[in-house]
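The next block holds one structure in the form of C-alpha coordinates; read it before the comments.
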Amino acid sequence: MADTQTPETATGEQPVGKQVRSVRVVLLALMITMMLAMLDNMIVGTAMPTIVGELGGLEHLSWVVTAYTLATAAATPIWGKLGDMYGRKGSFMTSIVIFLIGSALSGMAQNMGELIGFRAVQGLGAGGLMVGVMAIIGDLIPPRERGKYQGMMAGVMAIAMIAGPLVGGTITDNWGWRWSFYINLPLGAVSLALISVVLHLPKKRAEARIDYLGAALLTVGITSIVLVTTWGGTEYAWSSARIMELIGIGVAALVGFVFWQTRAAEPIVPLHIFRSRNFTLMSLIGFITGFVMFGATLFLPLYQQSVQGASATNSGLLLLPMLGAMLVTSMVAGRVTTGTGRYKIFPVVGSALMIVGLYLLSTMDTGTSRLTSGVFMAVVGLGMGCLMQITMLVAQNSVEMKDMGVASSSTTLFRTLGSSFGVAIMGALFNNRVQDVMAERAGALGSEVTEQSAQLDAASLAKLPAVAREAYQHAVSAGTHSAFLLGAVVAVVALVAAVFVKEVALRSGPQKPSEGPADGTAAQAPVVEAV
(Lines give C-alpha, C1' and ligand atoms only; values in the text may rest on other atoms or scores of the structure.)
Protein backbone atom coordinates (compact mmCIF):
# COMPACT_ATOMS: atom_id res chain seq x y z
CA MET A 1 0.00 0.00 0.00
CA ALA A 2 2.98 2.30 0.36
CA ASP A 3 2.91 3.26 -3.29
CA THR A 4 -0.81 4.12 -3.31
CA GLN A 5 -1.14 7.89 -3.78
CA THR A 6 -3.87 10.41 -3.42
CA PRO A 7 -4.61 13.24 -5.81
CA GLU A 8 -3.82 16.69 -4.55
CA THR A 9 -6.75 18.53 -2.98
CA ALA A 10 -7.52 22.16 -2.29
CA THR A 11 -5.69 21.95 1.03
CA GLY A 12 -2.61 20.30 -0.47
CA GLU A 13 -1.42 16.72 -0.87
CA GLN A 14 -2.35 14.26 1.85
CA PRO A 15 0.43 12.73 3.97
CA VAL A 16 1.16 9.18 2.75
CA GLY A 17 1.04 7.61 6.23
CA LYS A 18 -2.36 9.12 6.98
CA GLN A 19 -3.68 8.07 3.59
CA VAL A 20 -2.52 4.47 4.15
CA ARG A 21 -4.25 4.32 7.53
CA SER A 22 -7.46 5.66 6.02
CA VAL A 23 -7.44 3.07 3.26
CA ARG A 24 -6.93 0.29 5.82
CA VAL A 25 -9.91 1.50 7.84
CA VAL A 26 -12.05 1.56 4.68
CA LEU A 27 -10.90 -1.98 3.82
CA LEU A 28 -11.96 -3.11 7.30
CA ALA A 29 -15.42 -1.65 6.68
CA LEU A 30 -15.57 -3.35 3.27
CA MET A 31 -14.66 -6.72 4.76
CA ILE A 32 -17.39 -6.36 7.39
CA THR A 33 -19.89 -5.55 4.64
CA MET A 34 -18.81 -8.51 2.54
CA MET A 35 -19.14 -10.74 5.60
CA LEU A 36 -22.75 -9.55 5.96
CA ALA A 37 -23.52 -10.47 2.36
CA MET A 38 -21.85 -13.90 2.54
CA LEU A 39 -23.05 -14.97 5.98
CA ASP A 40 -26.72 -14.10 5.66
CA ASN A 41 -28.07 -17.00 3.61
CA MET A 42 -25.96 -19.55 5.48
CA ILE A 43 -27.01 -18.35 8.92
CA VAL A 44 -30.66 -18.19 7.87
CA GLY A 45 -30.46 -21.63 6.24
CA THR A 46 -29.45 -23.16 9.57
CA ALA A 47 -32.30 -21.37 11.36
CA MET A 48 -35.01 -22.37 8.86
CA PRO A 49 -36.35 -25.45 10.72
CA THR A 50 -36.87 -23.30 13.83
CA ILE A 51 -38.47 -20.51 11.79
CA VAL A 52 -40.95 -22.92 10.20
CA GLY A 53 -41.72 -24.41 13.60
CA GLU A 54 -42.78 -20.98 14.92
CA LEU A 55 -44.30 -19.27 11.85
CA GLY A 56 -45.66 -22.31 10.01
CA GLY A 57 -46.05 -22.12 6.23
CA LEU A 58 -43.85 -25.11 5.39
CA GLU A 59 -45.22 -25.09 1.83
CA HIS A 60 -43.70 -21.62 1.29
CA LEU A 61 -40.32 -22.46 2.83
CA SER A 62 -38.33 -22.32 -0.40
CA TRP A 63 -39.53 -18.77 -1.06
CA VAL A 64 -37.65 -17.46 1.98
CA VAL A 65 -34.42 -18.18 0.09
CA THR A 66 -35.77 -17.68 -3.43
CA ALA A 67 -37.14 -14.17 -2.72
CA TYR A 68 -33.74 -13.08 -1.39
CA THR A 69 -31.85 -14.66 -4.31
CA LEU A 70 -34.16 -13.18 -6.94
CA ALA A 71 -33.97 -9.68 -5.50
CA THR A 72 -30.19 -9.87 -5.15
CA ALA A 73 -29.61 -11.07 -8.71
CA ALA A 74 -32.02 -8.54 -10.24
CA ALA A 75 -30.61 -5.60 -8.26
CA THR A 76 -26.90 -6.36 -8.78
CA PRO A 77 -26.39 -4.74 -12.23
CA ILE A 78 -28.60 -1.77 -11.29
CA TRP A 79 -26.50 -0.96 -8.21
CA GLY A 80 -23.35 -1.11 -10.33
CA LYS A 81 -24.74 1.39 -12.81
CA LEU A 82 -26.04 3.71 -10.09
CA GLY A 83 -22.54 3.83 -8.60
CA ASP A 84 -21.04 4.77 -11.96
CA MET A 85 -23.66 7.49 -12.56
CA TYR A 86 -24.15 9.09 -9.16
CA GLY A 87 -21.10 8.16 -7.10
CA ARG A 88 -19.90 4.98 -5.46
CA LYS A 89 -20.10 6.03 -1.82
CA GLY A 90 -23.72 7.15 -1.82
CA SER A 91 -25.04 4.13 -3.68
CA PHE A 92 -23.02 1.74 -1.51
CA MET A 93 -24.24 3.26 1.76
CA THR A 94 -27.82 3.24 0.45
CA SER A 95 -27.58 -0.47 -0.32
CA ILE A 96 -26.29 -1.14 3.22
CA VAL A 97 -29.18 0.83 4.73
CA ILE A 98 -31.75 -1.08 2.64
CA PHE A 99 -30.13 -4.38 3.63
CA LEU A 100 -30.29 -3.43 7.33
CA ILE A 101 -33.93 -2.32 7.04
CA GLY A 102 -34.77 -5.66 5.43
CA SER A 103 -32.86 -7.47 8.18
CA ALA A 104 -34.72 -5.63 10.96
CA LEU A 105 -38.10 -6.23 9.32
CA SER A 106 -37.31 -9.93 8.73
CA GLY A 107 -36.48 -10.31 12.41
CA MET A 108 -39.88 -8.82 13.30
CA ALA A 109 -41.89 -10.95 10.83
CA GLN A 110 -45.04 -12.50 12.32
CA ASN A 111 -45.87 -14.94 9.53
CA MET A 112 -44.24 -16.59 6.54
CA GLY A 113 -45.71 -14.13 4.04
CA GLU A 114 -44.18 -11.17 5.84
CA LEU A 115 -40.84 -12.93 6.13
CA ILE A 116 -40.75 -13.63 2.38
CA GLY A 117 -41.56 -10.00 1.56
CA PHE A 118 -38.98 -8.62 3.99
CA ARG A 119 -36.37 -11.05 2.68
CA ALA A 120 -36.95 -9.56 -0.78
CA VAL A 121 -36.25 -6.09 0.65
CA GLN A 122 -33.10 -7.45 2.25
CA GLY A 123 -32.07 -8.97 -1.08
CA LEU A 124 -32.48 -5.64 -2.89
CA GLY A 125 -29.89 -4.16 -0.57
CA ALA A 126 -27.65 -7.22 -0.73
CA GLY A 127 -27.39 -6.78 -4.50
CA GLY A 128 -25.32 -3.65 -3.92
CA LEU A 129 -23.07 -4.97 -1.15
CA MET A 130 -20.69 -7.21 -3.10
CA VAL A 131 -20.70 -4.89 -6.12
CA GLY A 132 -19.96 -1.87 -3.95
CA VAL A 133 -17.07 -3.62 -2.19
CA MET A 134 -15.39 -4.67 -5.42
CA ALA A 135 -15.96 -1.37 -7.22
CA ILE A 136 -14.63 0.69 -4.29
CA ILE A 137 -11.52 -1.50 -4.16
CA GLY A 138 -11.18 -0.77 -7.87
CA ASP A 139 -11.34 2.97 -7.12
CA LEU A 140 -9.06 2.85 -4.08
CA ILE A 141 -6.25 0.53 -5.09
CA PRO A 142 -4.04 0.64 -8.20
CA PRO A 143 -4.19 -2.62 -10.17
CA ARG A 144 -0.68 -3.75 -9.24
CA GLU A 145 -1.67 -3.59 -5.55
CA ARG A 146 -5.24 -4.78 -5.99
CA GLY A 147 -4.52 -8.50 -6.17
CA LYS A 148 -3.51 -8.97 -2.54
CA TYR A 149 -6.53 -7.05 -1.23
CA GLN A 150 -8.97 -8.96 -3.41
CA GLY A 151 -7.24 -12.11 -2.15
CA MET A 152 -8.13 -10.97 1.37
CA MET A 153 -11.75 -10.59 0.25
CA ALA A 154 -11.73 -14.15 -1.08
CA GLY A 155 -10.47 -15.21 2.33
CA VAL A 156 -13.44 -13.48 3.95
CA MET A 157 -15.76 -15.42 1.62
CA ALA A 158 -14.13 -18.72 2.58
CA ILE A 159 -14.33 -17.96 6.31
CA ALA A 160 -18.00 -16.97 5.95
CA MET A 161 -18.83 -20.25 4.21
CA ILE A 162 -17.15 -22.24 7.00
CA ALA A 163 -18.50 -20.18 9.89
CA GLY A 164 -22.02 -19.53 8.57
CA PRO A 165 -23.74 -22.77 9.63
CA LEU A 166 -21.88 -22.82 12.96
CA VAL A 167 -22.79 -19.21 13.74
CA GLY A 168 -26.38 -19.78 12.60
CA GLY A 169 -26.79 -22.82 14.83
CA THR A 170 -25.27 -21.05 17.85
CA ILE A 171 -27.42 -17.93 17.44
CA THR A 172 -30.63 -19.92 16.92
CA ASP A 173 -30.01 -22.22 19.90
CA ASN A 174 -29.02 -19.48 22.34
CA TRP A 175 -30.75 -16.25 21.23
CA GLY A 176 -33.60 -17.40 18.97
CA TRP A 177 -33.99 -17.33 15.20
CA ARG A 178 -34.85 -13.62 15.03
CA TRP A 179 -31.28 -12.80 16.01
CA SER A 180 -30.07 -14.48 12.84
CA PHE A 181 -31.38 -11.27 11.21
CA TYR A 182 -30.77 -8.80 14.04
CA ILE A 183 -27.07 -9.70 14.18
CA ASN A 184 -26.64 -7.77 10.92
CA LEU A 185 -27.64 -4.48 12.56
CA PRO A 186 -24.62 -3.77 14.81
CA LEU A 187 -22.17 -5.02 12.18
CA GLY A 188 -23.83 -2.91 9.48
CA ALA A 189 -23.83 0.15 11.75
CA VAL A 190 -20.08 -0.16 12.29
CA SER A 191 -19.50 -0.50 8.55
CA LEU A 192 -21.70 2.54 7.81
CA ALA A 193 -19.93 4.68 10.41
CA LEU A 194 -16.45 3.84 9.13
CA ILE A 195 -17.38 4.41 5.48
CA SER A 196 -19.16 7.67 6.26
CA VAL A 197 -16.20 9.13 8.17
CA VAL A 198 -13.19 7.81 6.28
CA LEU A 199 -14.19 7.21 2.66
CA HIS A 200 -14.24 10.31 0.45
CA LEU A 201 -14.78 9.58 -3.22
CA PRO A 202 -15.48 12.24 -5.85
CA LYS A 203 -19.16 13.06 -6.13
CA LYS A 204 -20.84 12.52 -9.48
CA ARG A 205 -24.03 13.71 -11.03
CA ALA A 206 -25.03 12.23 -14.35
CA GLU A 207 -27.22 14.29 -16.62
CA ALA A 208 -28.76 11.24 -18.27
CA ARG A 209 -31.70 9.51 -16.60
CA ILE A 210 -31.65 5.99 -15.30
CA ASP A 211 -32.50 3.45 -17.99
CA TYR A 212 -35.78 2.31 -16.44
CA LEU A 213 -36.86 0.20 -19.43
CA GLY A 214 -33.52 -1.56 -19.53
CA ALA A 215 -33.68 -2.18 -15.78
CA ALA A 216 -37.20 -3.61 -16.09
CA LEU A 217 -36.31 -5.92 -19.00
CA LEU A 218 -33.16 -7.14 -17.25
CA THR A 219 -35.06 -7.75 -14.01
CA VAL A 220 -37.73 -9.81 -15.81
CA GLY A 221 -35.08 -11.78 -17.69
CA ILE A 222 -32.98 -12.56 -14.60
CA THR A 223 -36.05 -13.38 -12.51
CA SER A 224 -37.26 -15.84 -15.14
CA ILE A 225 -33.86 -17.54 -15.34
CA VAL A 226 -33.54 -17.90 -11.58
CA LEU A 227 -37.10 -19.23 -11.27
CA VAL A 228 -36.48 -21.79 -14.02
CA THR A 229 -33.33 -23.04 -12.30
CA THR A 230 -35.03 -23.00 -8.88
CA TRP A 231 -38.33 -24.64 -9.83
CA GLY A 232 -37.20 -26.90 -12.68
CA GLY A 233 -37.24 -30.54 -11.62
CA THR A 234 -38.58 -29.74 -8.13
CA GLU A 235 -41.75 -27.66 -8.06
CA TYR A 236 -42.47 -28.36 -11.74
CA ALA A 237 -41.24 -30.86 -14.31
CA TRP A 238 -38.66 -29.46 -16.74
CA SER A 239 -41.09 -30.04 -19.62
CA SER A 240 -44.09 -28.48 -17.82
CA ALA A 241 -46.02 -25.54 -19.25
CA ARG A 242 -44.95 -23.26 -16.37
CA ILE A 243 -41.24 -23.83 -16.98
CA MET A 244 -41.68 -23.40 -20.73
CA GLU A 245 -43.53 -20.12 -20.13
CA LEU A 246 -40.75 -18.83 -17.89
CA ILE A 247 -38.10 -19.79 -20.44
CA GLY A 248 -40.06 -17.97 -23.17
CA ILE A 249 -40.52 -14.85 -21.03
CA GLY A 250 -36.86 -14.88 -19.99
CA VAL A 251 -35.51 -15.22 -23.52
CA ALA A 252 -37.85 -12.54 -24.86
CA ALA A 253 -36.93 -10.13 -22.04
CA LEU A 254 -33.18 -10.64 -22.47
CA VAL A 255 -33.35 -10.28 -26.26
CA GLY A 256 -35.35 -7.08 -25.78
CA PHE A 257 -32.81 -5.91 -23.19
CA VAL A 258 -29.85 -6.41 -25.52
CA PHE A 259 -31.71 -4.61 -28.33
CA TRP A 260 -32.60 -1.67 -26.06
CA GLN A 261 -29.06 -1.34 -24.65
CA THR A 262 -27.83 -0.38 -28.13
CA ARG A 263 -30.22 2.60 -28.10
CA ALA A 264 -30.40 3.76 -24.48
CA ALA A 265 -28.66 7.04 -23.59
CA GLU A 266 -27.18 5.57 -20.39
CA PRO A 267 -27.53 1.76 -20.67
CA ILE A 268 -27.63 -0.36 -17.52
CA VAL A 269 -25.01 -2.69 -19.03
CA PRO A 270 -23.05 -0.90 -21.78
CA LEU A 271 -22.51 -3.58 -24.40
CA HIS A 272 -19.19 -2.06 -25.44
CA ILE A 273 -17.54 -3.59 -22.33
CA PHE A 274 -17.96 -7.00 -23.98
CA ARG A 275 -15.76 -5.86 -26.87
CA SER A 276 -12.85 -6.47 -24.52
CA ARG A 277 -11.78 -10.08 -25.00
CA ASN A 278 -10.48 -10.32 -21.45
CA PHE A 279 -13.71 -9.01 -19.91
CA THR A 280 -15.85 -11.48 -21.88
CA LEU A 281 -13.54 -14.39 -21.04
CA MET A 282 -13.47 -13.50 -17.35
CA SER A 283 -17.26 -13.27 -17.26
CA LEU A 284 -17.41 -16.78 -18.72
CA ILE A 285 -14.83 -18.11 -16.24
CA GLY A 286 -16.73 -16.45 -13.37
CA PHE A 287 -19.96 -18.13 -14.51
CA ILE A 288 -18.30 -21.55 -14.52
CA THR A 289 -16.62 -20.93 -11.15
CA GLY A 290 -20.04 -20.17 -9.66
CA PHE A 291 -21.49 -23.25 -11.38
CA VAL A 292 -18.86 -25.53 -9.85
CA MET A 293 -18.43 -23.91 -6.44
CA PHE A 294 -22.05 -23.85 -5.32
CA GLY A 295 -22.69 -27.30 -6.75
CA ALA A 296 -19.76 -28.63 -4.74
CA THR A 297 -20.85 -26.93 -1.51
CA LEU A 298 -24.32 -28.49 -1.93
CA PHE A 299 -23.36 -32.10 -2.65
CA LEU A 300 -20.18 -32.59 -0.63
CA PRO A 301 -21.86 -32.27 2.80
CA LEU A 302 -24.70 -34.48 1.57
CA TYR A 303 -22.21 -37.17 0.52
CA GLN A 304 -20.26 -36.97 3.78
CA GLN A 305 -23.39 -37.10 5.92
CA SER A 306 -25.21 -39.84 3.98
CA VAL A 307 -22.30 -42.08 2.95
CA GLN A 308 -19.48 -41.34 5.40
CA GLY A 309 -21.72 -40.88 8.43
CA ALA A 310 -20.54 -37.38 9.34
CA SER A 311 -22.59 -35.23 11.69
CA ALA A 312 -24.84 -32.61 10.13
CA THR A 313 -24.26 -30.32 13.13
CA ASN A 314 -20.80 -29.38 11.93
CA SER A 315 -21.68 -29.25 8.24
CA GLY A 316 -19.61 -26.11 7.69
CA LEU A 317 -16.47 -27.88 8.92
CA LEU A 318 -16.99 -30.66 6.36
CA LEU A 319 -15.92 -28.22 3.65
CA LEU A 320 -12.81 -27.06 5.51
CA PRO A 321 -10.27 -28.81 3.19
CA MET A 322 -11.76 -27.13 0.11
CA LEU A 323 -12.35 -23.71 1.65
CA GLY A 324 -9.03 -23.70 3.51
CA ALA A 325 -7.15 -24.47 0.29
CA MET A 326 -9.16 -21.76 -1.48
CA LEU A 327 -8.25 -19.24 1.23
CA VAL A 328 -4.52 -19.98 1.06
CA THR A 329 -4.37 -19.96 -2.73
CA SER A 330 -6.33 -16.70 -2.98
CA MET A 331 -3.85 -14.99 -0.66
CA VAL A 332 -0.85 -16.39 -2.53
CA ALA A 333 -2.29 -15.49 -5.94
CA GLY A 334 -2.96 -11.94 -4.76
CA ARG A 335 0.56 -11.53 -3.38
CA VAL A 336 2.20 -12.91 -6.52
CA THR A 337 0.07 -10.69 -8.75
CA THR A 338 1.04 -7.67 -6.66
CA GLY A 339 4.71 -8.59 -6.73
CA THR A 340 5.02 -9.42 -10.43
CA GLY A 341 2.08 -7.73 -12.16
CA ARG A 342 1.40 -11.00 -13.99
CA TYR A 343 -1.79 -13.01 -13.66
CA LYS A 344 -2.52 -15.29 -16.63
CA ILE A 345 -0.97 -18.33 -14.98
CA PHE A 346 -3.63 -18.32 -12.26
CA PRO A 347 -6.79 -18.80 -14.38
CA VAL A 348 -4.98 -21.43 -16.46
CA VAL A 349 -3.62 -23.41 -13.50
CA GLY A 350 -6.81 -22.81 -11.50
CA SER A 351 -9.05 -24.20 -14.24
CA ALA A 352 -6.79 -27.24 -14.69
CA LEU A 353 -6.79 -27.96 -10.94
CA MET A 354 -10.56 -27.56 -10.83
CA ILE A 355 -10.98 -30.13 -13.62
CA VAL A 356 -8.66 -32.61 -11.88
CA GLY A 357 -10.28 -32.07 -8.47
CA LEU A 358 -13.81 -32.51 -9.78
CA TYR A 359 -12.84 -35.67 -11.63
CA LEU A 360 -11.29 -37.04 -8.42
CA LEU A 361 -14.49 -36.21 -6.51
CA SER A 362 -16.48 -38.08 -9.15
CA THR A 363 -14.53 -41.26 -8.30
CA MET A 364 -15.74 -41.34 -4.67
CA ASP A 365 -17.83 -44.34 -3.66
CA THR A 366 -19.15 -45.92 -0.45
CA GLY A 367 -15.65 -47.00 0.55
CA THR A 368 -13.88 -43.65 0.14
CA SER A 369 -12.30 -42.47 3.40
CA ARG A 370 -12.70 -38.98 4.82
CA LEU A 371 -8.97 -38.37 4.36
CA THR A 372 -9.15 -39.25 0.68
CA SER A 373 -12.24 -37.12 0.04
CA GLY A 374 -10.57 -34.28 1.98
CA VAL A 375 -7.54 -34.40 -0.35
CA PHE A 376 -9.84 -34.36 -3.39
CA MET A 377 -11.71 -31.35 -1.98
CA ALA A 378 -8.42 -29.55 -1.35
CA VAL A 379 -7.48 -29.91 -5.03
CA VAL A 380 -10.79 -28.28 -6.05
CA GLY A 381 -10.20 -25.54 -3.46
CA LEU A 382 -6.74 -24.81 -4.86
CA GLY A 383 -8.26 -24.37 -8.29
CA MET A 384 -11.08 -22.11 -7.15
CA GLY A 385 -8.65 -20.03 -5.08
CA CYS A 386 -6.72 -19.22 -8.25
CA LEU A 387 -9.92 -18.06 -9.95
CA MET A 388 -12.15 -16.34 -7.39
CA GLN A 389 -10.67 -12.84 -7.29
CA ILE A 390 -8.37 -12.88 -10.32
CA THR A 391 -11.49 -12.95 -12.51
CA MET A 392 -12.74 -9.76 -10.85
CA LEU A 393 -9.32 -8.08 -11.03
CA VAL A 394 -8.87 -8.74 -14.76
CA ALA A 395 -12.49 -7.83 -15.55
CA GLN A 396 -12.15 -4.47 -13.78
CA ASN A 397 -8.92 -3.72 -15.61
CA SER A 398 -10.44 -4.53 -18.97
CA VAL A 399 -12.80 -1.54 -18.93
CA GLU A 400 -12.54 2.21 -18.62
CA MET A 401 -12.68 3.73 -15.17
CA LYS A 402 -16.16 5.16 -15.78
CA ASP A 403 -17.47 1.59 -16.24
CA MET A 404 -15.90 0.17 -13.05
CA GLY A 405 -19.30 -0.34 -11.40
CA VAL A 406 -20.96 -2.15 -14.30
CA ALA A 407 -17.85 -4.28 -14.77
CA SER A 408 -17.96 -5.33 -11.11
CA SER A 409 -21.72 -5.92 -11.13
CA SER A 410 -21.69 -7.84 -14.41
CA THR A 411 -18.94 -10.16 -13.18
CA THR A 412 -20.80 -10.70 -9.91
CA LEU A 413 -24.05 -11.34 -11.80
CA PHE A 414 -22.46 -13.96 -14.07
CA ARG A 415 -21.10 -15.77 -11.02
CA THR A 416 -24.54 -15.64 -9.37
CA LEU A 417 -26.26 -16.98 -12.47
CA GLY A 418 -23.60 -19.68 -12.73
CA SER A 419 -24.39 -20.80 -9.19
CA SER A 420 -28.12 -20.95 -10.02
CA PHE A 421 -27.48 -23.07 -13.10
CA GLY A 422 -24.97 -25.25 -11.25
CA VAL A 423 -27.30 -26.07 -8.39
CA ALA A 424 -30.21 -26.71 -10.79
CA ILE A 425 -28.46 -28.82 -13.42
CA MET A 426 -26.18 -30.76 -11.09
CA GLY A 427 -29.15 -31.17 -8.73
CA ALA A 428 -31.39 -32.56 -11.47
CA LEU A 429 -28.69 -35.00 -12.54
CA PHE A 430 -28.09 -36.05 -8.93
CA ASN A 431 -31.78 -36.55 -8.16
CA ASN A 432 -32.43 -38.64 -11.27
CA ARG A 433 -29.42 -40.85 -10.62
CA VAL A 434 -30.34 -41.39 -6.95
CA GLN A 435 -33.90 -42.37 -7.83
CA ASP A 436 -32.70 -44.78 -10.55
CA VAL A 437 -30.20 -46.53 -8.27
CA MET A 438 -32.70 -46.73 -5.41
CA ALA A 439 -35.21 -48.39 -7.71
CA GLU A 440 -32.53 -50.84 -8.93
CA ARG A 441 -31.23 -51.78 -5.48
CA ALA A 442 -34.32 -51.55 -3.26
CA GLY A 443 -37.19 -51.98 -5.71
CA ALA A 444 -40.55 -50.51 -4.75
CA LEU A 445 -39.26 -49.55 -1.29
CA GLY A 446 -36.43 -47.55 -2.85
CA SER A 447 -38.80 -45.69 -5.16
CA GLU A 448 -41.10 -44.92 -2.23
CA VAL A 449 -38.22 -43.59 -0.10
CA THR A 450 -37.09 -41.07 -2.73
CA GLU A 451 -40.52 -40.24 -4.14
CA GLN A 452 -40.73 -36.90 -2.32
CA SER A 453 -37.04 -35.97 -2.38
CA ALA A 454 -33.76 -37.59 -3.36
CA GLN A 455 -32.01 -35.70 -0.53
CA LEU A 456 -32.81 -37.24 2.85
CA ASP A 457 -31.88 -35.60 6.14
CA ALA A 458 -30.10 -37.51 8.92
CA ALA A 459 -33.34 -38.23 10.81
CA SER A 460 -35.07 -39.71 7.75
CA LEU A 461 -32.00 -41.75 6.89
CA ALA A 462 -31.81 -43.23 10.39
CA LYS A 463 -35.41 -44.47 10.16
CA LEU A 464 -34.81 -46.48 6.98
CA PRO A 465 -34.48 -50.27 7.03
CA ALA A 466 -30.87 -51.47 6.69
CA VAL A 467 -31.42 -52.58 3.08
CA ALA A 468 -32.86 -49.23 2.04
CA ARG A 469 -30.14 -47.32 3.94
CA GLU A 470 -27.37 -49.23 2.19
CA ALA A 471 -29.10 -48.73 -1.16
CA TYR A 472 -29.34 -44.99 -0.47
CA GLN A 473 -25.63 -44.77 0.29
CA HIS A 474 -24.83 -46.37 -3.06
CA ALA A 475 -27.37 -44.10 -4.74
CA VAL A 476 -25.82 -40.94 -3.27
CA SER A 477 -22.36 -42.13 -4.39
CA ALA A 478 -23.71 -42.63 -7.90
CA GLY A 479 -25.46 -39.24 -7.84
CA THR A 480 -22.36 -37.36 -6.73
CA HIS A 481 -20.32 -39.21 -9.37
CA SER A 482 -22.63 -37.91 -12.11
CA ALA A 483 -22.82 -34.37 -10.69
CA PHE A 484 -19.06 -33.93 -10.25
CA LEU A 485 -18.26 -35.53 -13.60
CA LEU A 486 -20.55 -32.97 -15.22
CA GLY A 487 -18.74 -30.23 -13.27
CA ALA A 488 -15.38 -31.46 -14.58
CA VAL A 489 -16.65 -31.36 -18.17
CA VAL A 490 -18.03 -27.84 -17.73
CA ALA A 491 -14.75 -26.70 -16.14
CA VAL A 492 -12.95 -27.60 -19.38
CA VAL A 493 -14.65 -24.55 -20.92
CA ALA A 494 -13.03 -22.37 -18.24
CA LEU A 495 -9.61 -23.80 -19.11
CA VAL A 496 -10.09 -23.06 -22.81
CA ALA A 497 -11.22 -19.52 -21.98
CA ALA A 498 -8.22 -19.00 -19.68
CA VAL A 499 -5.78 -20.01 -22.43
CA PHE A 500 -7.09 -17.18 -24.62
CA VAL A 501 -6.73 -14.48 -21.93
CA LYS A 502 -4.34 -11.78 -23.15
CA GLU A 503 -1.91 -10.85 -20.40
CA VAL A 504 -0.66 -7.29 -20.05
CA ALA A 505 1.49 -6.52 -17.02
CA LEU A 506 -0.42 -4.45 -14.47
CA ARG A 507 0.97 -1.01 -13.80
CA SER A 508 1.56 0.23 -10.27
CA GLY A 509 1.06 3.90 -11.07
CA PRO A 510 -2.21 5.83 -11.40
CA GLN A 511 -4.18 6.11 -14.60
CA LYS A 512 -6.11 9.14 -15.67
CA PRO A 513 -9.87 8.61 -15.60
CA SER A 514 -10.10 9.56 -19.26
CA GLU A 515 -7.78 6.75 -20.34
CA GLY A 516 -9.36 3.66 -21.81
CA PRO A 517 -8.33 0.03 -21.58
CA ALA A 518 -4.96 -0.83 -23.06
CA ASP A 519 -4.79 -4.09 -25.00
CA GLY A 520 -7.78 -5.47 -23.16
CA THR A 521 -6.47 -4.63 -19.71
CA ALA A 522 -6.53 -1.15 -18.23
CA ALA A 523 -4.89 0.05 -15.06
CA GLN A 524 -7.18 2.17 -12.92
CA ALA A 525 -6.25 5.13 -10.80
CA PRO A 526 -7.00 5.33 -7.10
CA VAL A 527 -9.33 8.28 -6.78
CA VAL A 528 -9.98 8.27 -3.06
CA GLU A 529 -9.23 11.29 -0.93
CA ALA A 530 -8.03 10.24 2.49
CA VAL A 531 -9.09 12.11 5.58
Side-chain angles (χ1 to χ4, degrees), residues 1 24 27-28 30-32 34-35 37-39 42 130 133-134 137 141 144-167 282 285-286 288-290 292-297 300-301 304 314-361 370-394 415 419 484 487-488 491 494-495 498 506:
M1 280 305 304
R24 286 174 178 168
L27 287 172
L28 174 62
L30 295 180
M31 285 191 283
I32 293 174
M34 176 171 280
M35 187 71 78
M38 293 299 301
L39 275 176
M42 296 177 183
M130 192 76 75
V133 168
M134 293 304 174
I137 288 178
I141 314 296
R144 184 66 173 264
E145 291 287 311
R146 202 177 298 159
K148 64 181 179 182
Y149 292 102
Q150 291 190 335
M152 290 169 58
M153 295 300 174
V156 171
M157 294 172 65
I159 292 170
M161 295 182 75
I162 295 171
L166 298 176
V167 173
M282 286 300 153
I285 293 173
I288 293 170
T289 303
V292 169
M293 181 177 178
F294 286 88
T297 55
L300 281 172
Q304 291 188 308
N314 298 322
S315 57
L317 296 178
L318 300 176
L319 299 174
L320 190 57
M322 183 178 75
L323 298 175
M326 188 177 80
L327 169 60
V328 172
T329 316
S330 295
M331 301 294 286
V332 171
R335 291 285 177 179
V336 172
T337 301
T338 296
T340 65
R342 316 298 294 187
Y343 52 79
K344 181 173 180 176
I345 187 174
F346 294 111
V348 173
V349 172
S351 300
L353 285 172
M354 198 160 62
I355 294 169
V356 172
L358 288 166
Y359 173 75
L360 291 173
L361 288 176
R370 292 190 189 181
L371 176 61
T372 302
S373 61
V375 172
F376 294 169
M377 283 190 283
V379 176
V380 176
L382 291 173
M384 290 194 296
C386 290
L387 296 171
M388 286 297 292
Q389 298 307 316
I390 292 297
T391 53
M392 179 65 74
L393 171 63
V394 178
R415 188 176 297 169
S419 67
F484 288 128
L495 178 59
L506 301 176

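Counting begins at 1 with the first residue of the sequence.
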* To do: Sorted by first residue and then second, give each side chain to side chain donor-acceptor pair (under 3.5 Å) pair with at least one member in residues 373-382; sequence neighbours left out.
  =>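 As it turns out, the side chain to side chain donor-acceptor pair (under 3.5 Å) pairs with a partner in residues 373-382, which skip direct neighbours, are Gln308-Ser373.
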* Test Met377 against Gln304 for side-chain contact (heavy atoms from CB on, under 4.5 Å), laying out the working first. => CA-CA 12 Å; Met377 283 190 283; Gln304 291 188 308; 3.5 Å; yes
Quick one: [atom1] on [X] to [atom2] on [Y], what's the gap to the nearest 0.5 Å?
X	Y	atom1	atom2	result
Met354	Ile288	CE	CD1	7.0 Å
Ile390	Thr337	CD1	OG1	3.5 Å
Leu387	Leu353	CG	CG	9.0 Å
Leu361	Leu300	CG	CG	5.5 Å
Ile355	Leu495	CD1	CG	4.5 Å
Leu323	Met293	CG	CE	6.5 Å

So which atom in [X] and which in [Y] form the shortest heavy-atom distance, rounded to 0.1 Å?
X	Y	value
Ala378	Ala325	O-CB, 3.4 Å
Gly385	Ser330	O-OG, 3.3 Å
Cys386	Gly350	CB-CA, 3.6 Å
Pro321	Gly374	CB-O, 3.3 Å
Ile285	Pro347	CD1-CB, 4.4 Å

* List the steps, then state whether side-chain contact (heavy atoms from CB on, under 4.5 Å) holds for Thr391 with Arg415. => CA-CA 10 Å; Thr391 53; Arg415 188 176 297 169; 3.0 Å; yes
* Dump the intermediate steps for side-chain contact (heavy atoms from CB on, under 4.5 Å) on Phe346 and Val332, then the final yes or no. => CA-CA 10 Å; Phe346 294 111; Val332 171; 5.5 Å; no
* Asked: Can you name the residues that form a side-chain contact (heavy atoms from CB on, under 4.5 Å) with Met31, not counting sequence neighbours?
  -> Met152, Met153, Val156
* Structure fact -> side-chain contact (heavy atoms from CB on, under 4.5 Å) filter on Ile345, not counting sequence neighbours, yields Val349
* Would you call Thr372 and Leu360 a side-chain contact if the rule is heavy atoms closer than 4.5 Å? -> no
